[in-house]
Colleague: 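The structure's right below; bear with me while I get my questions together.
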Amino acid sequence: MPDSTMPDSTNATPIAQPTAPDKHPLGSRAKVLLTSVFGPYAVDDGAGSRLINPMELYHNQVTRVQQAYSLRTFQRSWGLMLIQVNLEAPTTLLDFPSEKRFLQEIKENDYDVVGISSIQTNLIKVRKMCRMIRKHLPNATIVIGGHIGNFPGLDQFCDYDHVVRGDGICWMRDFLGQDTQTPLKHPQVIANIGSRMMGINLKNHPGDIAATLIPSAGCPMGCNFCSTSAMFGGKGKYVKFFETGQQLFDIMCQLEKTLDTRAFFVMDENFLVDKKRALGLLELMQKHNKPWSLYLFSSANILKQYTMEQLVALGVSWVWMGLEGKSSQYTKLAGTDTFSLVKELQSHGIRVLGSSIIGLEEHTPENIDEAIDHAVAHNSEFHQFMLYTPIPGTPLYAEHEAKGTLLDRSEISIPDIHGQLRFNFHHPNIKDGQETEFLLRAFHRDFDVNGPSAIRIIRTTLRTWERYKNHPDARIRARFSEEAASLPVKYSGVLWATERAYEDKPRIAKMCSQLLDDIHELYGAKSRHAAPIVGRYILKRLRDEQARLADGWTYEPPTYYETNVDDGPTNATRVEGAATT
């Protein structure tokens, strides 16, 4: 386990910028292709895709067993987008291509540099893409980045020229002879793509229309299992793209205008760790009367460094927080009563996505139910469950490698090391694949006990609107009013439909009925009239979606084709970044 030193905004430091070993001879005249690995993703195939590990963050790891209630959504390859808008070289981005579409791109266009971003489970796809590039673009330089960069012996699997570990923007700028100190631009991108729940496409829905904001990369907490922290320097270090609250405020103003949104998904492993930057942003939000909502990640001990008044004023509306497990020794939880913290956050309108680990060293078949019940008792709006997994490149992996407890590669396939199926090491107490059932048990118990996440969100939204609807600060009232706008019609319909869908589970049905009664008391005839009308429509869509899922329906992201120059490839969408001042 990590030691007891907890980094904060005073001792968490940015890491040194990575540099390329040499420069490309064409410099910024080089034609660059950036690409994610090819799909499809939600299938079992020889290329390493897995049905159990789709390209859907929530349905993969959070709402996995919630059936038609599962949040289905995709996120863009933000790292590649961030690199693209910060290169002077003509750069094309191909995001979520099929294998056929990727092959077409490299056959029909002449690129000098091809950059591939991937996680480690997609090693087979990266290897195949490298072979295709060598065949059709024999003179191109192949650069590999992302989490796969930490894979040991990567050069034995893939024929590439360079691997980038850490800040790809700085590395690519240096490789192409560009000034690495030029102020960064920020990509303009909506956080979620194709969101749907209960068989309904979500439009103009809080969270779905949020812009992505990327202040930093890495996490200074340095948990020994965290591949992101390891990739960006480990404990106490991270990459800070934007130093000040003023820089973030300027970017957010541009995103608000161009994307027509007042919500921001903050893609930063621990945004609040830089308290000076966060409070600087808060000061500007107050000065310019910005009722923005922030969806962010944070560790429990960092959250406790702020008052609830500060978090509410900053617009924190949703937080992804590690709970790890009962008796966890991870320092980001040290001395924290997570039950009280979650309850307090929810009472102030901050929805919680709790994250718990199955298969910690102390877990056994005898105590696993106690550990699961501990997690479920938090009653967070969402709950992620992951298997304890030593990912190559992390301190945890090194520990198991030194002890000789890792599974041999003949015992487990690389595409199956993703934390949602089985261990890749010999657990001291859990044997013979028991972990697979334990993980599913955790998901099912959370769903059975706490009901669909959609209902939990409605509960928190209602309770906090009742608390904040008369708040003296008009800016704060405006934010909560916007979040509560769906209560009298849309959310009433959801509750009406779910009450009937759960007739065989009286406790969940009663919870929906009571929430609906509370909404009726608040909104009167408006919600009483809307609930059955909207509810019948939702119930039909819900049942249709359940039938589609039973028939094996899967969900895949669309392909994106973008360029950063006016004379880029035909049919590519022109993109620009939001510049800092």
Side-chain angles (χ1 to χ4, degrees), residues 7-18 76 78-88 166-174 178-191 210-220 232-233 237-298 302 305-306 310-311 313-316 475 564 575-581:
D8 57 25
S9 59
T10 60
N11 60 30
T13 59
I15 64 174
Q17 294 179 325
R76 290 291 306 276
W78 297 319
L80 292 179
M81 300 179 75
L82 194 54
I83 294 172
Q84 182 189 35
V85 299
N86 283 287
L87 294 184
E88 295 172 357
D167 182 0
I169 308 168
C170 185
W171 193 98
M172 286 293 291
R173 279 178 160 183
D174 186 55
Q178 188 175 333
D179 184 359
T180 60
Q181 301 302 314
T182 302
L184 292 182
K185 297 180 180 180
H186 193 285
Q188 301 184 54
V189 56
I190 291 292
T212 299
L213 181 69
I214 315 172
S216 310
C219 179
F232 288 98
K237 297 181 179 180
Y238 66 117
V239 175
K240 190 186 292 188
F241 296 129
F242 302 102
E243 296 280 346
T244 67
Q246 182 70 62
Q247 287 179 313
L248 293 181
F249 181 80
D250 292 340
I251 291 169
M252 293 165 78
C253 285
Q254 292 182 58
L255 295 178
E256 177 186 38
K257 181 179 180 179
T258 57
L259 300 179
D260 190 25
T261 181
R262 297 196 295 186
F264 301 88
F265 185 93
V266 186
M267 190 57 231
D268 185 314
E269 294 287 334
N270 215 330
F271 171 65
L272 296 175
V273 74
D274 189 335
K275 194 169 185 178
K276 180 180 180 181
R277 183 176 62 180
L279 293 182
L281 174 61
L282 169 58
E283 182 179 349
L284 290 165
M285 288 172 59
Q286 292 172 325
K287 178 180 178 180
H288 296 277
N289 194 33
K290 295 293 187 181
W292 291 337
S293 295
L294 273 59
Y295 309 87
L296 51 82
F297 300 77
S298 181
I302 295 299
Q305 293 182 14
Y306 294 77
Q310 287 174 324
L311 294 176
L314 188 57
V316 178
R475 184 182 69 89
N564 66 344
V575 296
E576 294 182 355
T580 59
T581 57

Colleague: Return the set of residues passing side chain to side chain contact (heavy atoms under 4.5 Å, CB included) with Asp179 (not counting sequence neighbours), or none when no residue passes.
Modeller: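 Expected list: Gln181, Thr182.
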Colleague: How long is the span from the CD1 atom in Ile169 to the CD atom in Gln84, to the nearest 0.5 Å?
Modeller: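 Interatomic distance, Ile169 CD1 to Gln84 CD, rounded to 0.5 Å: 12.0 Å.
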Colleague: If you take all heavy atoms of Ala211 and Leu259, which pair is closest and at what distance?
Modeller: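 The pair with the smallest heavy-atom distance is CB-CD1, 3.7 Å.
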Colleague: Output the distance between atom CD (Gln246) and atom CG (Leu281), rounded to the nearest 0.5 Å.
Modeller: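 With rounding to 0.5 Å, CD (Gln246) is 9.5 Å from CG (Leu281).
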Colleague: Determine the minimum heavy-atom distance between Lys275 and Gln305, stating which atoms define it.
Modeller: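 Taking every non-hydrogen atom into account, NZ-O, 2.5 Å.
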Colleague: Does the side chain of Asp250 pick up a donor-acceptor pair with the side chain of Gln254 at under 3.5 Å?
Modeller: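 Judged by distance alone, the side chains do not pair up.
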Colleague: If every non-hydrogen atom of Met252 is compared with every non-hydrogen atom of Leu213, which pair is closest and at what distance?
Modeller: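 In terms of heavy atoms, the two residues are closest at SD-CD2, 3.8 Å.
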Colleague: For Trp78 and Phe265, take the angle between the two ring planes, folded into 0 to 90°, and tell me which bin it lands in: parallel under 30, tilted 30 to 60, perpendicular over 60.
Modeller: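 Tilted: the ring planes of Trp78 and Phe265 meet at 30° to 60°.
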Colleague: Which atom pair, heavy atoms only, marks the closest approach of Phe297 to Met267?
Modeller: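 Taking every non-hydrogen atom into account, CE1-SD, 4.2 Å.
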Colleague: Is any side-chain heavy atom of Val273 closer than 4.5 Å to a side-chain heavy atom of Pro220?
Modeller: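 SC-SC contact between Val273 and Pro220 confirmed.
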Colleague: What's the spacing between Asp274 CG and Ile302 CD1 if we round to 0.5 Å?
Modeller: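 Result: 10.0 Å between the selected atoms.
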Colleague: Determine whether Phe232 and Glu269 make a side-chain contact, defined as any pair of heavy atoms from C-beta on separated by less than 4.5 Å.
Modeller: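 A side-chain contact is absent here, since even the closest heavy-atom pair is not under 4.5 Å.
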Colleague: Are Tyr306 and Leu279 close enough that some pair of their side-chain heavy atoms sits under 4.5 Å apart?
Modeller: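 Tyr306 reaches Leu279 side chain to side chain.
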Colleague: To the nearest 0.5 Å, what is the distance between CD (Glu88) and CE (Met172)?
Modeller: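 Taking CD in Glu88 and CE in Met172, the distance rounds to 12.5 Å.
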Colleague: Any side-chain heavy atom of Asn86 within less than 4.5 Å of one from Phe241?
Modeller: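 Asn86 does not reach Phe241 side chain to side chain.
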Colleague: Taking Arg277 for the side chain and Gln247 for the main chain, is one N or O donor matched with an acceptor at less than 3.5 Å?
Modeller: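 No: the side chain of Arg277 does not pair with the backbone of Gln247.
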Colleague: Is there a donor-acceptor pair closer than 3.5 Å between any side-chain N or O of Asn564 and the backbone N or O of Val85?
Modeller: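 Answer holds: no.
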Colleague: Using modelled atom types only, decide if a donor and an acceptor are shared between the side chain of Asp167 and the backbone of Val239 within a distance under 3.5 Å.
Modeller: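 Side chain of Asp167 to backbone of Val239: no pair is present.
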Colleague: Output every pair passing salt bridge (Lys or Arg N to Asp or Glu O under 4.0 Å) with a member in residues 278-291, not counting sequence neighbours, ordered by first then second residue.
Modeller: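 Only Glu256-Lys290 qualify under salt bridge (Lys or Arg N to Asp or Glu O under 4.0 Å).
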Colleague: Would you name the heavy atoms of Pro215 and Phe271 that are closest together and state the gap between them?
Modeller: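 Heavy-atom minimum between the residues: CG-CD1, 3.8 Å.
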Colleague: Flag the pair Leu184 / Arg173 as yes when at least one side-chain heavy-atom distance between them is below 4.5 Å, and no otherwise.
Modeller: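 The answer is yes; the side chains approach within 4.5 Å.
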Colleague: How would you list, by chain and number, every residue that makes a salt bridge (charged side-chain N to carboxylate O under 4.0 Å, His left out) with Arg262, sequence neighbours excluded?
Modeller: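 Salt bridge (charged side-chain N to carboxylate O under 4.0 Å, His left out) check on Arg262 returns Glu482.
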Colleague: Please name the pair of heavy atoms, one in Leu255 and one in Ala578, separated by the smallest distance, quoted to 0.1 Å.
Modeller: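 The answer is CD2-CB, 4.4 Å.
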Colleague: Distance from Arg76 atom CZ to Leu82 atom CG, nearest 0.5 Å?
Modeller: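 One finds 12.5 Å between CZ of Arg76 and CG of Leu82.
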Colleague: Rounded to the nearest 0.5 Å, what's the gap from NE2 on His186 to CD1 on Ile251? Could you check?
Modeller: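 The distance works out to 5.5 Å.
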Colleague: Counting C-beta onward and ignoring hydrogens, is there a side-chain heavy-atom pair between Leu314 and Leu272 closer than 4.5 Å?
Modeller: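 Side-chain contact under 4.5 Å: yes.
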Colleague: Do the side chains of Pro187 and Val575 get nearer than 4.5 Å, heavy atoms only?
Modeller: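 Heavy-atom side-chain distance check fails, nothing below 4.5 Å.
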